[in-house]
Amino acid sequence: MQWTLVIPLKPLTRAKSRLADTAADGVRPGLALAFAQDTVAAALACTAVADVAVVTDDGLAARELAALGARIVPDTPAGGLNAALAHGASVVREKRPFAAVATLNADLPALRPLELGRVLDAAAEFPRAFLADAAALGTTLLAAGPGRELRPAFGIDSRSRHRTSGAAELVLADVDSVRQDVDTGADLRAALALGVGPHTAAVSAGLLIPGS
């Protein structure tokens with residue numbers, strides 16, 4: 001099964017506020033963009049991925065991610081994360097009504113194409129499925145097969161929300177790069193230990209990362 005990935009990205013100036021202990025105000029937008037660039041590049045290199053749609057209203061991010069090969073979808077609803085994801089899936093299915101669609105966080109700088117492929121192959125066995133984040137509280141990927149509604153329920157404790165919604169939880173070993181999103185300095189340290197992409201490596205060089 002070939003998947004279209006919908007990746008949401010808020011305006012860079014408002015992104016990654018919880019990294020304040022690691023990156024100054026002037027650095028965080030570039031770090032958020034680097035995370036997204038490495039995420040999109042790895043996703044497009046995955047053989048299970050047909051294309052990537054990034055939902056964003058940030059002009060710089062739109063240009064940089066389009067240059068990597070992503071389709072840019074304006075965040076027309078401007079109603080938060082779940083509205084942006086539902087909108088992105090709707091735009092994808094306007095042209096391909098039975099496309100298999102999965103959301104993917106934009107802050108997975110250590111993402112490995114082979115691991116993402118394993119997750120998507122496992123998701124193909126269910127109408128809807130999700131992968132919990134490394135903290136086991138949130139969600140990094142939510143998938144909906146052909147003809148199935150995405151029904152995103154991101155936010156606090158989204159793992160529980162998606163399970164309650166009827167989505168199957170994917171329990172897989174050795175897919176750490178798909179689970180390691182980055183919100184805090186500790187998260188960034190964990191991602192760096194896994195091995196981040198070139199954009200994140202360049203921007204994070206020289207940062208004082210807590211615990212390192």
Is a side-chain donor or acceptor of S158 paired with a backbone partner of T139 at a separation under 3.5 angstrom?
yes
Are V196 and L44 grouped together when hydrophobic residues (ILVMFWY) are joined by side-chain heavy atoms under 4.5 angstrom apart?
no
All heavy atoms of P146 vs all of M1, minimum pair found to be CD-CE, 3.9 Å
Hydrophobic clusters here meaning ILVMFWY residues chained together by side-chain heavy-atom distances under 4.5 Å, can you tell me if V203 and L19 are in one?
yes
Flag, side chain of R159 to backbone of A136, donor-acceptor distance under 3.5 Å
yes
Closest approach of A48 to L120 (non-hydrogen atoms, all atoms of both residues)
CB-CD1, 4.1 Å
Take D51 and T4, measure what side-chain hydrogen bond (donor to acceptor under 3.5 Å, both in side chains) needs, and give me the verdict at the end.
CA-CA 5 Å; D51 56 351; T4 292; 2.4 Å; yes
Whether over 12 other heavy atoms sit under 6.0 Å from E149 CD:
no
Answer yes or no: is there a donor N or O on one side and an acceptor on the other, between the side chain of T39 and the main chain of L108, under 3.5 Å?
yes
Just by modelled atom types, is the S177 backbone N or O under 3.5 Å from a matching donor or acceptor in the E115 side chain?
yes
Taking D75 for the side chain and A84 for the main chain, is one N or O donor matched with an acceptor at less than 3.5 Å?
no
Drop me the distance from L111's CG to F35's CZ, to the nearest 0.5 angstrom.
13.5 Å
What distance do T76 atom OG1 and D57 atom CG have between them, rounded to the nearest 0.5 Å?
7.0 Å
Can you tell me if CG on L60 sees more than 12 non-hydrogen neighbours from other groups inside 6.0 Å?
yes
Interatomic distance, L116 atom CG to L5 atom CG [nearest 0.5 angstrom]
6.0 Å
Tell me whether V55 is reachable from L68 by hopping between hydrophobic residues (I, L, V, M, F, W, Y) whose side-chain heavy atoms are closer than 4.5 Å.
no
Measure the spacing between CZ of R189 and OG1 of T22 and express it to the nearest 0.5 Å.
9.0 Å
Looking at K16 and D107, is any side-chain nitrogen of the basic one under 4.0 Å from a carboxylate oxygen of the acidic one?
yes
Test your reading of the model: is there a side-chain donor-acceptor pair from T164 to the backbone of S160, 3.5 Å cut-off?
yes
Minimal heavy-atom distance between R93 and G147, with the atoms involved, is NH2-N, 4.1 Å
With the side chain counted from C-beta on, respond yes when P152 and L81 share a heavy-atom pair under 4.5 Å apart, and no when they do not.
no
For the hydrophobic clusters of this structure (ILVMFWY residues joined by side-chain heavy atoms under 4.5 Å, transitively), does one cluster hold both V49 and I7?
yes
Only one of D58, L65, V40 clears side-chain contact (heavy atoms from CB on, under 4.5 Å) with L9; which?
L65
Closest non-hydrogen atoms of R151 and S165, given as atom of the first, atom of the second and distance, are NH2-O, 3.2 Å
Could you check L33 against E64 for side-chain contact (heavy atoms from CB on, under 4.5 Å), going step by step and ending with a plain yes or no?
CA-CA 8 Å; L33 176 58; E64 294 295 331; 4.1 Å; yes
Side chain of H87, backbone of N82: donor and acceptor closer than 3.5 Å?
no
Distance in Å, D181 CG paired with N105 CG, rounded so as to fall on 0.5 Å steps
5.5 Å
Residues A53 and V92: closest non-hydrogen pair is CB-CG2, 4.2 Å
Check L194 against A110 and note the closest heavy-atom contact, atom names and distance.
CB-CB, 3.9 Å
Within this structure, what is the CZ-CG distance for the pair R18 and D183, rounded to the nearest 0.5 Å?
4.5 Å
Taking W3 as the starting point, is it possible to reach F130 by hopping between hydrophobic residues whose side chains are less than 4.5 Å apart?
no
Whether D187 side chain and V182 backbone form a donor-acceptor pair below 3.5 Å:
no
Side-chain (S204) to main-chain (T200) donor-acceptor, under 3.5 angstrom
yes
Salt bridge (charged side-chain N to carboxylate O under 4.0 Å, His left out) evaluation trace for D157 with R163:
CA-CA 10 Å; D157 200 16; R163 188 190 295 122; over 6 Å; no
Could you tell me whether D174 and R179 have a side-chain N and a carboxylate O separated by less than 4.0 Å?
no
Using the rule given for side-chain contact (heavy atoms from CB on, under 4.5 Å), can you reason through R128 versus L142, listing the C-alpha separation, both sets of side-chain angles and the distance that settles it, and then say yes or no?
CA-CA 7 Å; R128 291 173 63 244; L142 173 67; 4.2 Å; yes
Does the side-chain contact (heavy atoms from CB on, under 4.5 Å) test come out yes or no for V91 and R71, once each step is laid out?
CA-CA 11 Å; V91 169; R71 174 185 179 182; 3.2 Å; yes
Go through it in stages, so that I can follow the logic: the residues are V54 and V73, the test is side-chain contact (heavy atoms from CB on, under 4.5 Å), and I'd like the CA-CA distance, side-chain angles, deciding distance and then a yes or no.
CA-CA 6 Å; V54 175; V73 177; over 6 Å; no
V6 and L104, any side-chain heavy atoms less than 4.5 Å apart:
no
So that I know where these two stand, are F154 and H162 an aromatic pair - ring centroids less than 6.0 Å apart?
yes
